[in-house]
**Q** 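Can you read through this structure? Questions will come right after.
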There are 2 protein chains.
Amino acid sequence: MPAKDVPDIVVSRLPLYLRALSFLAEEGLQVISSKELGHKLGISPAQIRKDLSHFGEFGKQGTGYNIQYLRDQLRRILKVTEEREVALVGAGDLGRALMHYGGFAGRGFRISLVFDNNPQKIGQKMGPFEILDSESIETIVADRGIEIAIVAVPAEAAQEVVDALVRAGVKAILNYAPITVKVPEGVHVQYIDPVIHLQRMTYYL
Amino acid sequence: MPAKDVPDIVVSRLPLYLRALSFLAEEGLQVISSKELGHKLGISPAQIRKDLSHFGEFGKQGTGYNIQYLRDQLRRILKVTEEREVALVGAGDLGRALMHYGGFAGRGFRISLVFDNNPQKIGQKMGPFEILDSESIETIVADRGIEIAIVAVPAEAAQEVVDALVRAGVKAILNYAPITVKVPEGVHVQYIDPVIHLQRMTYYL
DNA sequence: GCGCTTTTGTGAAATCTTAAACATAATATA
DNA sequence: TATATTATGTTTAAGATTTCACAAAAGCGC
Ligand SMILES: NC(=O)c1ccc[n+]([C@@H]2O[C@H](COP(=O)([O-])OP(=O)(O)OC[C@H]3O[C@@H](n4cnc5c(N)ncnc54)[C@H](O)[C@@H]3O)[C@@H](O)[C@H]2O)c1
Ligand SMILES: NC(=O)c1ccc[n+]([C@@H]2O[C@H](COP(=O)([O-])OP(=O)(O)OC[C@H]3O[C@@H](n4cnc5c(N)ncnc54)[C@H](O)[C@@H]3O)[C@@H](O)[C@H]2O)c1
């Protein structure tokens with residue numbers, strides 16, 4: 001393991017680079033310069049080079065970066081070379097959209113368990129998933145050794161669900177509920193709230 | 001209008017403050033200090049005070065901030081005192097979840113138009129919405145004077161949809177498609193891609 | 001092979017952001 | 001009323017991040 005003490009803001013851009021490179025690879029391109037990539041992403045070329053330099057030397061002077069090679073390196077750095085199992089909690093509208101979403105496969109993730117606490121939903125099939133009782137999060141998620149979860153329950157239930165996931169050993173949580181949750185050291189939480197993004201933009205209107 | 005040249009990173013935190021204050025107001029609380037609010041959000045008290053100081057003096061020494069008052073001020077600053085109309089493009093799984101989502105009301109937004117390009121969907125009712133032909137984005141969105149849009153179409157279609165929205169006069173776009181789009185100066189774009197968030201966390205696993 | 005062009009990787013400089021510190025004011029206490 | 005406590009708003013310092021600038025390397029044309 002190289003790369004010690006890389007700023008989180010650098011890490012946060014790597015998935016964007018990876019996404020763009022995968023797209024370019026599918027288009028059949030071989031090579032790209034930091035200038036071109038930066039142009040596509042709205043990021044300065046110097047920033048891209050500096051970010052990558054935290055992890056090694058991946059480019060070739062005068063040419064740029066080999067797209068497939070850099071993509072593979074980023075996958076390795078981000079630890080998404082294999083598909084990781086993800087537990088989803090909340091089989092509502094958003095949960096259903098996430099279950100059907102084809103965009104996880106190939107990018108390192110696979111929803112493999114779905115939980116809800118609604119007795120009418122528990123036991124039902126939703127797509128390829130049987131909805132499990134959220135009471136059993138602690139045992140089942142721990143048994144399977146799952147480290148990643150997506151929370152799509154109402155705000156009121158989010159903290160208790162997160163607590164259960166943490167007890168089950170989950171280390172990374174993507175929370176769609178519009179509330180900040182408390183987790184112990186070492187557990188990572190990311191938030192998605194469309195209203196936050198919209199409000200950030202209305203400021204400028 | 002006071003508040004000139006506020007850093008965007010400051011603006012990006014205001015919706016978080018607003019969300020927390022609305023939650024606290026609903027719980028019936030009257031007053032909160034920057035220390036308590038910071039604790040709830042995982043943000044330093046000094047940061048909160050500094051951020052707010054860009055826009056005026058909202059607190060009282062020895063006491064803290066009146067929750068309702070500060071919430072109202074933030075709503076004013078973020079320009080979400082009234083509900084703004086939002087156009088949604090893409091009536092797929094995610095689009096349906098967004099249409100049904102109750103979390104826009106009360107936070108400044110209301111989806112009022114839904115577009116798709118699938119002939120089987122156009123004309124159908126989905127909840128309270130009739131799905132409109134995305135060919136008509138330019139005329140209808142412009143006529144209604146809508147400035148905000150949510151894009152929930154496949155990546156391949158995102159740029160063309162965005163282009164149509166921009167021609168219709170839209171100034172703020174929330175893009176769920178996993179691709180960076182090009183927009184002219186003065187048009188704001190925010191992105192939501194759950195995989196980006198997940199990959200950012202797997203780095204630390 | 002030899003200039004010419006392109007582009008990387010990287011220190012140094014510039015800019016931006018956060019944190020610390022404190023004077024000031026409001027409140028509570030006695 | 002005096003004193004202690006609390007918490008803001010702001011200035012100053014520290015820290016983090018981005019940009020700049022350039023030597024070094026690689027490819028290209030001839
Ligand atoms: N629908 C959207 O487009 C959207 C967008 C952004 C954010 N969100 C947020 O995502 C979350 C889910 O949204 P939704 O629209 O799917 O809501 P929903 O009401 O359709 O679904 C919520 C699901 O969570 C389940 N649930 C409730 N408490 C639970 C518990 N303790 N354990 C397990 N399951 C529990 C419910 O039974 C229900 O099936 C909400 O917090 C919402 O604010 C939704
Ligand atoms: N479903 C999710 O949970 C999820 C999560 C994250 C991101 N996304 C992204 O959001 C987008 C939508 O996802 P989805 O799961 O709803 O996909 P979907 O295939 O279910 O829906 C896409 C919809 O867009 C419509 N469409 C296609 N081209 C169009 C055009 N040019 N104009 C108007 N409408 C058009 C299609 O007819 C379809 O109804 C995709 O880019 C996807 O990657 C989805």
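Note on naming: letters A, B, ... go to the chains in the order of the sequence lines (proteins, then strands), and numbering restarts at 1 for each one.
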**Q** What is the distance, to the nearest angstrom, from the NE2 atom on B:His54 to the C1' atom on C:dT18?
**A**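 Those two atoms, NE2 and C1', are 12 Å apart.
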**Q** Reading DNA chain C from 5' onward, which residue's closest nucleotide shows up sooner: A:Gly62 or A:Gly59?
**A** A:Gly62
**Q** Side chains of A:Gln68 and A:Asp72: any donor to acceptor distance under 3.5 Å?
**A**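 No, no side-chain donor-acceptor contact under 3.5 Å.
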**Q** First locate atom CG of A:Leu14, then atom CD1 of A:Ile77, and finally report the distance between them rounded to the nearest 0.5 Å.
**A**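 That separation rounds to 6.5 Å.
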**Q** Indicate whether the side chain of A:Tyr203 and that of B:Asp8 have a donor and an acceptor atom separated by less than 3.5 Å.
**A** no
**Q** Which pair of non-hydrogen atoms, one from A:Tyr204 and one from B:His188, has the smallest distance, and what is that distance?
**A**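 Of all heavy-atom pairs spanning A:Tyr204 and B:His188, the closest is CB-NE2, 3.4 Å.
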**Q** Choosing from C:dA26, C:dT8, C:dT10, which nucleotide comes nearest the side chain of A:Ser33?
**A** C:dT8
**Q** Does B:Lys60 place a side-chain N or O at less than 4.0 Å from the phosphate oxygens OP1/OP2 of C:dT27?
**A**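 Yes, within the criterion.
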**Q** Which of residues 40-49 of chain B have a heavy atom under 4.0 Å from DNA chain D?
**A**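 The answer is B:Arg49.
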**Q** What's B:Lys50 touching, base or sugar-phosphate or nothing? Going by heavy atoms closer than 4.0 Å.
**A**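 Here B:Lys50 touches the bases of the nucleic acid.
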**Q** For DNA chain D, which nucleotides open and close the run of contacts to chain A, 5' to 3', at under 4.0 angstrom from a non-hydrogen atom?
**A**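 Span of nucleotides near chain A: D:dT17 to D:dG27.
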**Q** B:Leu78 and A:Thr202: which non-hydrogen atoms are nearest, and at how many Å?
**A**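 Closest heavy-atom pair between B:Leu78 and A:Thr202: O-OG1, 2.8 Å.
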**Q** Determine to 10° how strongly the helix from C:dG1-D:dC30 to C:dA30-D:dT1 is bent, judged from the axes of its five-pair ends.
**A**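 One end axis against the other gives 20°.
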**Q** Would the number of heavy atoms belonging to other residues, nucleotides or ligands and lying under 6.0 Å from CZ of A:Phe23 be above 12?
**A**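 No, the 6.0 Å shell around CZ holds no more than 12 heavy atoms from other groups.
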**Q** Should we say atom CD of A:Glu83 is surrounded by more than 12 heavy atoms from elsewhere, each under 6.0 Å from it?
**A** yes
**Q** What is the minimum heavy-atom distance between A:Leu37 and A:Ala20, and which atoms define it?
**A**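 What the structure gives for the nearest pair is CD1-CB, 3.9 Å.
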**Q** Could you give the CD-to-C1' distance, from A:Gln30 to C:dT7, as a whole number of Å?
**A** 18 Å
**Q** Whole-Å distance between C:dT8 P and A:Tyr69 OH?
**A** 15 Å
**Q** Drop me the distance from A:Arg200's CZ to A:Leu198's CG, to the nearest 0.5 angstrom.
**A**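 Output value for this atom pair is 11.5 Å.
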**Q** For the atom pair CD1 (B:Ile192) and OH (B:Tyr176), what is the distance rounded to the nearest 0.5 Å?
**A**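 OH of B:Tyr176 is found 3.5 Å from CD1 of B:Ile192.
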**Q** Measure OH/B:Tyr65 against C1'/C:dA25 and give the value in whole Å, please.
**A**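 It is 14 Å, rounded to the nearest whole Å.
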**Q** Which is more 5' along DNA chain D, the nucleotide nearest A:Val10 or the one nearest A:Thr63? Just name the residue.
**A**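 With A:Val10 and A:Thr63 compared, the 5'-side residue is A:Val10.
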**Q** For A:His39 and C:dT7, give me the distance from atom NE2 to atom C1', rounded to whole Å.
**A** 17 Å
**Q** What heavy-atom pair brings B:Met201 and A:Ile173 nearest, and what distance separates the two atoms?
**A** CE-O, 3.4 Å
**Q** Could you state the atom-to-atom distance from CG of A:Asp51 to C1' of C:dT8 in whole Å?
**A** 14 Å
